[in-house]
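To start, the structure itself, in structure tokens.
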Amino acid sequence: IIKIKPKLAFSGVINKYGFIFDTLAYSDSASVLDGTCNILWNLNEGIFDSFLVDLKANSIINSEKLSVYVEFKNPGRLPFSVDNLKNDFYISGEVGINDFPCARLFSDQSVDNLISANLTASGTINNPFISVNLSESSINFAGYPLTASGIASLDDTGLNANSLNVS
């Protein structure tokens with residue numbers, strides 16, 4: 001059982017265009033993060049045009065950082081339907097994590113068990129391109145140390161792994 005005791009505090013503005021958090025603070029027993037977050041949407045004449053999430057947070061006590069930038073767009077201004085969502089709405093984004101403490105997700109982790117990675121995504125739901133670049137990361141798995149690094153991608157040719165190193 002994980003007992004991280006999370007706490008979230010924020011302040012900002014909410015209006016018909018979205019949420020703008022100029023202060024965002026997250027803490028738990030593993031770490032503390034401070035940052036900002038914007039969640040915005042655009043409707044033109046009742047038609048969904050775009051959605052944006054932009055989050056940046058870092059720790060004041062260690063090297064942990066989190067960044068999320070994701071855009072979801074409807075360039076053809078098509079009506080919202082499951083078929084259009086899968087084939088004609090486009091996503092592009094990047095998520096970066098640096099020195100994310102594994103203790104936040106798993107029990108029996110030390111302060112040295114950290115994950116650092118970059119994830120990029122683009123395309124449509126039916127035709128995505130997703131890439132994960134895992135920097136040297138470590139986790140305790142069933143009581144044993146596990147370290148990993150490498151690059152993996154998913155595209156129309158399938159799942160590809162490059163220079164995957166696990167020990």
Side-chain angles (χ1 to χ4, degrees), residues 2 4 6-26 28 30-31 33-59 63-102 104-106 114-137 139 148-166:
I2 302 169
I4 60 171
K7 295 178 184 154
L8 178 66
F10 55 86
S11 67
V13 176
I14 299 174
N15 61 33
K16 67 180 183 175
Y17 303 110
F19 308 110
I20 300 171
F21 301 115
D22 53 10
T23 302
L24 182 66
Y26 173 86
D28 58 32
S31 183
L33 293 169
D34 289 313
T36 60
C37 181
N38 297 315
I39 302 171
L40 306 170
W41 52 82
N42 187 11
L43 297 173
N44 285 326
E45 300 170 4
I47 296 175
F48 169 77
D49 192 44
S50 62
F51 181 78
L52 168 81
V53 176
D54 184 13
L55 174 118
K56 292 179 182 68
N58 59 20
S59 175
S63 57
E64 182 183 6
K65 291 181 185 176
L66 173 65
S67 64
V68 177
Y69 186 87
V70 178
E71 286 184 281
F72 190 61
K73 295 182 178 183
N74 177 11
R77 298 185 39 93
L78 299 170
F80 198 83
S81 72
V82 174
D83 189 49
N84 289 343
L85 177 68
K86 289 180 180 179
N87 296 301
D88 299 304
F89 288 42
Y90 290 87
I91 189 166
S92 63
E94 184 171 348
V95 175
I97 58 173
N98 186 65
D99 291 342
F100 181 89
C102 293
R104 186 171 286 140
L105 301 175
F106 307 105
L114 304 170
I115 297 172
S116 294
N118 283 316
L119 178 136
T120 58
S122 61
T124 64
I125 292 173
N126 278 346
N127 190 19
F129 175 76
I130 301 169
S131 174
V132 177
N133 184 346
L134 181 67
S135 299
E136 189 70 32
S137 298
I139 187 170
S149 64
I151 300 171
S153 62
L154 175 70
D155 59 22
D156 55 359
T157 65
L159 181 63
N160 304 292
N162 301 329
S163 65
L164 186 61
N165 298 307
V166 178

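- Side-chain contact of Asp88 with Thr124: a donor-acceptor pair under 3.5 Å is absent, judged by distance alone.
- Between Phe48 and Phe89, the two ring planes are parallel [angle under 30°; tilted spans 30° to 60°].
- Side chains of Asn118 and Asn133: a donor-acceptor N/O pair is absent below 3.5 angstrom, by distance only.
- Ser81 and Asp83 form no side-chain donor-acceptor contact under 3.5 Å, judged by distance and modelled atom types alone.
- Counting heavy atoms from C-beta outward, Glu64 and Pro101 have side chains that approach closer than 4.5 Å.
- With a 4.5 Å cut-off on side-chain heavy atoms, Pro6 and Leu8 do not count as touching.
- With sequence neighbours excluded, no residue forms a salt bridge (charged side-chain N to carboxylate O under 4.0 Å, His left out) with Asp99.
- The neighbour count for Tyr17 OH, taken as heavy atoms of other residues, nucleotides or ligands under 6.0 Å away, does not exceed 12.
- Residues Ile47 and Pro79 form no side-chain contact, since every pair of their non-hydrogen atoms from C-beta on lies 4.5 Å or further apart.
- Remark: the backbone N or O of Asn38 is not paired with any side-chain donor or acceptor of Asp54 at under 3.5 angstrom.
- Looking only at distances, no side-chain donor or acceptor of Trp41 sits under 3.5 Å from a matching main-chain atom of Asp49.
- At least one donor-acceptor pair closer than 3.5 Å links the side chain of Ser137 to the backbone N or O of Ser116.
- Using a 4.5 Å cut-off on side-chain heavy atoms (C-beta onward), Phe51 and Asn74 make no contact.
- Test Val70, Val68, Val95 against Leu55 for side-chain contact (heavy atoms from CB on, under 4.5 Å) and you get one pass: Val68.
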Passes side chain to side chain contact (heavy atoms under 4.5 Å, CB included), Phe129 versus Ser153? Steps please. CA-CA 7 Å; Phe129 175 76; Ser153 62; 4.1 Å; yes
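- Proximity of a side-chain donor or acceptor of Asn98 to a complementary backbone N or O of Ser63 within less than 3.5 Å is detected.
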